[in-house]
Peer 1: 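Take this structure, written in structure tokens, and hold onto it; I'll ask about it next.
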Amino acid sequence: MRDPLSVLTEAFTSFLFGKVETTRLPVRTSTGQAQAVYLPTAAPGLGDSGVIIGREVYSGKGYIYDPFQLYGQQLPAPHWLVLGESGNGKSALEKTYVLRQLRFRDRQVVVLDAQGEDGVGEWNLVAQELGITPIRLDPTSALDHGIRLNPLDPAITSTGQLALLRTIIEVAMGHGLDERAGFALKVAHAYVNSTIVDRQPVLNDIVEQLRHPEPESAEAMNVALEDVRAWGLDVALVLDRLVDGDLRGMFDGPTTVGIDLDAPLIVFDLSHIDRNSIAMPILMAIVGVWLEHTWIRPDRKKRIFLVEEAWHIINSPFVAQLFQRLLKFGRRLGLSFVAVVHHLSDVVDGAAAKEAAAILKMASTRTIYAQKADEARATGRVLGLPRWAVEIIPTLTPGIAVWDVNGNVQVVKHLVTESERPLVFTDRAMTEAASAMAEEELSEALRAAELEAEERAAAFMQHQYPESKSSVA
């Protein structure tokens, strides 16, 4: 019961000044407008377990991503596709992601490093920081005690060796092997494996057997010996390039002793290989199969296979088919495949469009950095991105990307710590340009640019697409 004095005071005040409290009418509004009133409302994240990437641009919340934690719950597959123009932050994202993943004891990473400067790969500094020596595949130094990977290494099964030989030949020839050439290769491989037991068989043994097939090979199929030799001639010429041609020394001997497949990080430095030559997809095929049979094991480790310039894989039908098989290990043995490409059109319009579509379908996570408007629209159609995301991609500034994690689409600012910065920003031209500015001026310019970009992006979303759910629960 209210105090009588309070009731009397309230009545007297109302008599003199009128009613103090007023009744407010309800306000009806859309969620797009309400988000400006209640700013803490934001899209749900991906959980709080895993590797921190940065923060979601519109809400400022921390953004955490880990395919191994999300697999089976929010991700049907742990594979990841990274897209975007050069200079927008793809390389920094990959390197910090690997460094942060390696803080978990059950993680192991292999990187195919196809870029570099000053004679070393782009991942050289990261490898040095972790005390790792990159495996540098270089045809100019292969004959001088360089690194060799043997396609006929006994660690690879006989079936795997034959499949790898076929892939190498098909990549180099640009078409599949016919039945007769395939038969000649098969019998040569079988003979070499059955007769050479005191050492590792090498490619030169296959070439010699193709040139001089055994009579038993012809008798088995009831054909003339000269026919078997003719069937295998083109195959021998292709393999001869790996023995005496421009790739001599990298694959025509026993596998180099001492390659540590138990190291937390394994870097294959391919920066000395011409990226536009046929050597690159051949290298990709050999390294891929070699890893499949020597590195991936059922030991409960979570493995990450990161491939720079991955269009060399996806754009070759034969190599793409090989890597499709490798990707299937993601579910059974805990492998996350990370493919980094500049333009999606490089692969979806290439010779391996069918294989590319299959690989893209396996990638449940897609990260898209800034692209030109036409490229962004094409990317959006292929990946099924929402309209607001497609429209914002051309406006993104370096370090900011659209993340699509199995349909959960958000705009994320990648954050780099001071200790990581010297390891991930290794472009010398950018470093020289930055060093010309005073440290205080550089910091202020970066902060101002970041703030302006985020305000512009937020304004774009608020006024152009108020119905968007990207920042409303």
Side-chain angles (χ1 to χ4, degrees), residues 67-68 77-80 94 98 101-102 106-114 121 123 127 130 132-137 147-168 171 200 203 242 247 250-251 253-271 273 279-310 312-314 316 318-340 359 362-363:
F68 304 111
H79 309 305
W80 180 15
E94 299 153 25
V98 166
Q101 278 283 3
L102 290 177
D106 64 340
R107 302 292 197 265
Q108 195 178 30
V109 182
V110 163
V111 175
L112 299 192
D113 183 6
W123 284 76
L130 298 176
I132 304 298
T133 301
I135 301 170
R136 185 164 293 118
L137 295 173
I147 297 294
R148 282 189 174 93
L149 296 178
N150 184 13
L152 302 177
D153 192 318
I156 303 175
T157 65
S158 179
T159 302
Q161 292 175 11
L162 184 58
L164 177 54
L165 290 173
R166 288 186 65 102
T167 300
I168 293 171
V171 169
Q200 282 192 18
L203 285 180
L242 300 180
L247 296 180
M250 290 191 294
F251 310 110
T255 298
T256 301
V257 177
I259 296 177
D260 185 8
L261 292 178
D262 293 320
L265 174 66
I266 305 169
V267 177
F268 286 89
D269 183 350
L270 312 180
S271 60
I273 309 297
M280 187 61 77
I282 290 176
L283 272 169
M284 295 287 189
I286 292 177
V287 172
V289 172
W290 191 74
L291 287 173
E292 176 186 346
H293 291 270
T294 60
W295 176 57
I296 301 175
R297 301 187 293 271
D299 54 6
R300 296 185 178 276
K301 278 194 175 183
K302 309 300 183 190
R303 291 181 165 86
I304 299 169
F305 186 19
L306 190 150
V307 183
E308 300 265 15
E309 301 290 333
H312 293 291
I313 291 174
I314 306 176
S316 167
F318 310 107
V319 182
Q321 290 169 10
L322 187 154
F323 272 77
Q324 276 183 258
R325 187 177 74 247
L326 188 62
L327 263 61
K328 293 178 182 178
F329 285 103
R331 293 185 176 91
R332 185 161 59 89
L333 294 178
L335 174 69
S336 173
F337 177 70
V338 184
V340 184
I359 290 179
M362 291 184 181

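Just the heavy atoms: all of them, side chains too, but no hydrogens, waters or symmetry mates, feed the values below.
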Peer 1: Take D262 and K301, measure what salt bridge (charged side-chain N to carboxylate O under 4.0 Å, His left out) needs, and give me the verdict at the end.
Peer 2: CA-CA 11 Å; D262 293 320; K301 278 194 175 183; 5.5 Å; no

Peer 1: Can you check side chain to side chain contact (heavy atoms under 4.5 Å, CB included) on F268 and L149, steps first, answer last?
Peer 2: CA-CA 11 Å; F268 286 89; L149 296 178; 3.8 Å; yes

Peer 1: Which atom names give the shortest non-hydrogen contact between Q324 and I359, and what distance separates them?
Peer 2: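 Scanning both residues completely, I find the closest heavy atoms to be CG-CG1, 3.7 Å.
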
Peer 1: About how many Å separate CG of L306 and CD of Q101, when rounded to the nearest 0.5 Å?
Peer 2: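 Reported to 0.5 Å precision, the distance equals 11.0 Å.
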
Peer 1: Does the side chain to side chain contact (heavy atoms under 4.5 Å, CB included) test come out yes or no for V338 and E94, once each step is laid out?
Peer 2: CA-CA 9 Å; V338 184; E94 299 153 25; 5.5 Å; no

Peer 1: Check step by step if side chain to side chain contact (heavy atoms under 4.5 Å, CB included) holds for M284 and V171.
Peer 2: CA-CA 11 Å; M284 295 287 189; V171 169; over 6 Å; no

Peer 1: Restricting to non-hydrogen atoms, name the atom on D269 and the atom on P134 that form the minimum distance, rounded to 0.1 Å.
Peer 2: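 Looking at all heavy atoms of both residues, the shortest contact is CB-CB, 4.3 Å.
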
Peer 1: What distance separates S336 OG from R303 CZ, expressed to the nearest 0.5 Å?
Peer 2: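 Reported value, rounded in 0.5 Å steps: 13.0 Å.
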
Peer 1: Check D153 against Q161 and note the closest heavy-atom contact, atom names and distance.
Peer 2: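 Taking every non-hydrogen atom into account, O-NE2, 3.2 Å.
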
Peer 1: Measuring from atom CG of L283 to atom CH2 of W290, what distance do you get when rounded to the nearest 0.5 angstrom?
Peer 2: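 Rounded to the nearest 0.5 Å, the CG-CH2 separation comes to 13.0 Å.
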
Peer 1: Which atom names give the shortest non-hydrogen contact between N150 and F251, and what distance separates them?
Peer 2: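 Scanning both residues, the minimum pair turns out to be OD1-O, 4.1 Å.
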
Peer 1: Got L203 and P151 here, is their nearest side-chain heavy-atom distance under 4.5 Å?
Peer 2: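 Contact flag for L203/P151 side chains = yes.
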
Peer 1: Could you pull out the closest heavy-atom pair between W295 and I304, with the gap in Å?
Peer 2: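 What the structure gives for the nearest pair is CH2-O, 3.7 Å.
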
Peer 1: Roughly how far, to the nearest 0.5 Å, is the CG atom of L327 from the CE atom of M362?
Peer 2: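 It is 5.5 Å, given to the nearest 0.5 Å.
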
Peer 1: Looking at every non-hydrogen atom in both residues, tell me the closest pair between T167 and A285 and how far apart they are.
Peer 2: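 Minimum heavy-atom separation between T167 and A285: CG2-CB, 3.8 Å.
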
Peer 1: Which distance, rounded to the nearest 0.5 Å, do you find between the CG of L270 and the CG of L137?
Peer 2: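 Between atom CG of L270 and atom CG of L137 there are 6.0 Å.
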
Peer 1: Can you tell me how far OG1 of T255 sits from CD1 of I156, rounded to the nearest 0.5 angstrom?
Peer 2: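 OG1 of T255 is found 7.0 Å from CD1 of I156.
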
